[in-house]
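Counting from 1, the numbers follow the sequence of the chain as shown.
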Amino acid sequence: MKLSKNTQKAGLALMGSMAGFLLAKQLKIEDYYPFILLGGFLGNTIGEELIPEKQPTPLNALSFIDSNGQLKLIIL
């Protein structure tokens, strides 16, 4: 299953938020909210830097289905 870049970034932000929450809980800090925000920000920032952008597909392409039922592209 292919996931978009935004979905992957959201997953990293969620993991960062959970890591911040667990860190605050481990340190026995009563106010979890700043740790959750900071963890989510770090996860999102790491995702933005590490997840590559998809290359756009060429718009000038013709396609046909061959005798084997496979899609063939002719790039102009």
Side-chain angles (χ1 to χ4, degrees):
M1 178 169 69
K2 293 182 180 181
L3 299 174
S4 69
K5 181 177 180 178
N6 286 337
T7 304
Q8 293 174 0
K9 278 177 39 182
L12 286 174
L14 178 63
M15 290 188 330
S17 297
M18 288 301 297
F21 171 75
L22 292 174
L23 178 68
K25 191 173 181 182
Q26 184 72 24
L27 296 174
K28 297 179 181 171
I29 297 174
E30 293 180 15
D31 191 15
Y32 297 151
Y33 190 65
F35 287 89
I36 293 172
L37 284 177
L38 183 62
F41 173 74
L42 288 175
N44 197 11
T45 304
I46 290 170
E48 184 66 38
E49 294 298 322
L50 294 181
I51 300 171
E53 293 279 340
K54 287 186 178 179
Q55 297 296 326
T57 58
L59 297 176
N60 296 329
L62 297 174
S63 63
F64 65 94
I65 298 176
D66 66 359
S67 60
N68 295 330
Q70 295 180 343
L71 181 68
K72 301 290 183 179
L73 291 177
I74 303 172
I75 299 174
L76 303 174

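For the pair Thr7 (side chain) and Leu3 (backbone), a donor-acceptor distance under 3.5 Å is absent.
Considering Asn44, Leu37, Thr45 as possible partners of Phe41, the one that fulfils the side-chain contact (heavy atoms from CB on, under 4.5 Å) test is Thr45.
In this view, Lys25 satisfies the salt bridge (Lys or Arg N to Asp or Glu O under 4.0 Å) rule with no residue, not counting sequence neighbours.
In this structure, Leu27 CG and Phe35 CZ are separated by 6.0 Å, a value rounded to the nearest 0.5 Å. Here the CD atom belonging to Glu48 is positioned 8.5 Å from the CG atom belonging to Asn6, to the nearest 0.5 angstrom. The CD1 atom of Ile36 sits 11.0 Å away from the CG atom of Leu23 when rounded to the nearest 0.5 Å. In this structure, Glu49 CD and Lys9 NZ are separated by 10.0 Å, a value rounded to the nearest 0.5 Å.
Summarising the geometry of Ser17 relative to Gly40, their closest heavy-atom pair is OG-CA, 3.4 Å, with the distance given to 0.1 Å.
Grouped by direct or indirect side-chain proximity (heavy atoms under 4.5 Å, Ile/Leu/Val/Met/Phe/Trp/Tyr only), Leu12 sits with Met15, Ile51.
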